Amino acid sequence: MKSSTRTSKLVNEIPPSGIRKFFDLASSMDNIISLGVGEPDFITPWAVREACISSLERGYTSYTANAGLLELRVEIAKYMNKQFQLAYQPKDEIIVTVGASEALDIALRAIIDPGDEIIVVEPTFVSYAPLVTLAGGKAVPVGTTVETNFRLLPEQLENAISPNTKAIMLSFPNNPTGSTMTEAELRGIAKIVEKYDLLVISDEIYAEMTYDHTHSSIANIEGMRDRTILISGFSKAFAMTGWRLGFVTAPSDITSAMLKIHQYTMMCASTMAQHAAIEALQNGMDDVEKMVQSYKQRRNYFVKSFDEIGLPCHVPGGAFYAFPSIKNTGLTSEQFAEQLLLTERVAVVPGHVFGLGGEGHIRCSYATSLDNLKEAVTRIDRFLQSL
């Protein structure tokens, strides 16, 4: 063999997910309270599950169109218009994908040429930079800090731009920090994007989970709709993580390129899941609202509790994560997470795995019961007292 290894050098150089290490360790232990899982603790609403069952019973087990059921794309267009005042054509500006993760992957592969740079705003979800690398591009991280509530400043973006910059990846509401950006703040970013003729990949999977103000999409700002690839899906808002159903909206020239990749790699999303998603969009918003109100109640309790036990925590405006600072303990985020898991059986994710600005923090999901959150706070407080 010509190479000493049978696998790709590119893949070999990508580190495994930092989140999985702690999940794997926690799975081998008992009496664990997990604050690490990034998914709702609610079961998918019954009407949505019933729509899937009905789809099976009626024999809808074949492929759909590559872009997804037209009926579903029509409902997505209505939903985006009603919820976020964004207009997209169902036939050629919307693709139904196998989760938002696939949408991110094919978006990057559709726009990247070798040598292109993609600015990744961090801390952020662990897959962004690796997906850029796998698509043949170069991820350029830009770190945000708690001093600005983990919001991106226009000058930070402009300082990171080079002649090779193709696009910027945004994620607000943010995983792991829960931070959001207002329309006024996004306008500052939009000016830089237009100035340098860039594209934006905006992951808005947590858009419905915005607690203190209405969600703002950068695609709403004048001139930005035709520059923006908007990623979303059903996993978070509708508690459908295991259904693996997402969607992407973008100008038709970009969705056309994305659809080519989707055709060859995925064919189409699950037919039964698509029928369930139609029911979710048509009749599921009351369930979404109930879940969001529950998350907000938990957020308020959790952030207040962290501050009271000595871990300063900014107030997350969206998603379902708290990102408290552990700098005053003298431990790294990995040391803190590992020792907390081993001594008190509480699983959190060390902030450093989310990139620049993450070290010195831990990600704690409050997508679990209030009783679990209260017990977790008790255990974390006891751990702090032992240091």
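Keep in mind that this is a model prediction, so the values were computed, not measured.
- Here the shortest heavy-atom pairing between D212 and R299 reads OD2-NH1, 2.8 Å.
- Linking ILVMFWY side-chain heavy atoms closer than 4.5 Å, directly or via other members, places L186 and L157 in a single hydrophobic cluster.
- Each of H352, E359, H361 was evaluated against S333; a single residue qualifies, E359, per the side-chain hydrogen bond (donor to acceptor under 3.5 Å, both in side chains) test.
- The closest side-chain donor-acceptor pair between Q385 and D381 falls under 3.5 angstrom.
- One hydrophobic cluster holds both F320 and F306 under the rule that ILVMFWY side chains link at heavy-atom gaps under 4.5 Å.
- Side chains of N12 and T7: a donor-acceptor N/O pair is present below 3.5 angstrom, by distance only.
- The residue from E183, Q85, Q83, E204 that alone fulfils the side-chain hydrogen bond (donor to acceptor under 3.5 Å, both in side chains) condition with S217 is E204.
- Between the side chains of R382 and S386, not a single donor N or O lies within less than 3.5 Å of an accepting N or O.
- In this structure, a donor-acceptor pair under 3.5 Å is absent between the side chains of E93 and T255.
- Linking Ile, Leu, Val, Met, Phe, Trp and Tyr whenever their side-chain heavy atoms come within less than 4.5 Å leaves F84 and V200 in two separate clusters.
- The minimum heavy-atom distance linking C313 with A322 is given by the pair SG-CB, 4.0 Å.
- Contacts of Y88 classified as ring pair (Phe, Tyr, Trp, His ring centres under 6.0 Å), with partners at least two apart in sequence or in another chain: none.
- Looking at heavy atoms from C-beta onward, I380 lies out of side-chain contact with V377 at the 4.5 angstrom threshold.
- Tracing side-chain contacts under 4.5 Å through hydrophobic residues (I, L, V, M, F, W, Y), one reaches V126 starting from V120; they form part of the same cluster.
- No side-chain heavy atom of I94 sits less than 4.5 Å from a side-chain heavy atom of M80.
- Ring centers of Y211 and Y295: at least 6.0 Å apart, outside the cut-off.
- Under a 3.5 Å cut-off, the side chain of R73 and the backbone N or O of V96 do not form any donor-acceptor pair.
- Within the 4.5 Å cutoff, no side-chain heavy atoms of Y321 are placed close to those of T177.
- We find that E222 and R187 are joined by a salt bridge, their nearest charged nitrogen and carboxylate oxygen being less than 4.0 Å apart.
- Between R298 and T368 the shortest heavy-atom distance is NH1-O, 2.7 Å.
- Under a cut-off of 6.0 angstrom, the local environment of CG in L387 is crowded, with over 12 non-hydrogen atoms contributed by other residues, nucleotides or ligands.
- For the 3.5 Å distance criterion, the side chains of Q274 and T64 qualify, holding a donor opposite an acceptor.
- The closest side-chain heavy-atom distance from I231 to I229 is below 4.5 Å.
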When you look at T165 and Y196, which way does the side chain to side chain contact (heavy atoms under 4.5 Å, CB included) test go after all the steps? CA-CA 9 Å; T165 303; Y196 291 93; over 6 Å; no
F354 and N175: CA distance, side-chain angles, deciding distance, side chain to side chain contact (heavy atoms under 4.5 Å, CB included) verdict: CA-CA 9 Å; F354 301 104; N175 173 10; 4.3 Å; yes
With side chain to side chain contact (heavy atoms under 4.5 Å, CB included) as the test, would you mind laying out the steps for L281 and I76 before giving the verdict? CA-CA 7 Å; L281 291 174; I76 291 171; 3.7 Å; yes
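- Separation of the F234 and Y79 ring centroids does not fall under the 6.0 Å cut-off.
- Judged purely by distance below 3.5 Å, without hydrogens or angles, the side chains of E289 and Q293 pair a donor atom with an acceptor atom.
- Considering every non-hydrogen atom in both A367 and E39, the closest pair reads CB-O, 3.3 Å.
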Quick one, T180 with H213, criterion side-chain hydrogen bond (donor to acceptor under 3.5 Å, both in side chains). Give me CA distance, side-chain angles, the key distance, then yes/no. CA-CA 9 Å; T180 58; H213 56 79; 3.0 Å; yes
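- In this structure the side chain of M181 never reaches within 4.5 angstrom of the side chain of L170, judged on heavy atoms.
- Nearest heavy-atom pair, S365 versus V37, reported as atom, atom and distance to 0.1 Å: OG-O, 3.2 Å.
- Using a 4.5 Å heavy-atom threshold, the side chains of E375 and R379 count as touching.
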Which donor-acceptor pairs under 3.5 Å do the side chains of residues 242-250 make with protein atoms, sequence neighbours left out?
from : atom 1 : to   : atom 2 : distance (Å)
W243 : NE1    : T44  : OG1    : 3.0
R244 : NH1    : T241 : O      : 3.0

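- Between S54 and the options E50, E57, R58, a side-chain hydrogen bond (donor to acceptor under 3.5 Å, both in side chains) holds for only R58.
- One hydrophobic cluster, built from ILVMFWY side chains closer than 4.5 Å, holds both F172 and I168.
- Between P123 and T144, some side-chain heavy-atom pair lies under the 4.5 Å cut-off.
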Set out, in order, the CA-CA distance, both residues' side-chain angles and the distance that settles side chain to side chain contact (heavy atoms under 4.5 Å, CB included) for L341 and I32, then state yes or no. CA-CA 8 Å; L341 179 61; I32 292 290; 3.7 Å; yes
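- Side-chain atoms of E334 and T332 include no donor-acceptor pair closer than 3.5 Å.
- Across every non-hydrogen atom of A269 and V98, the tightest pair is CA-CG2, 4.0 Å.
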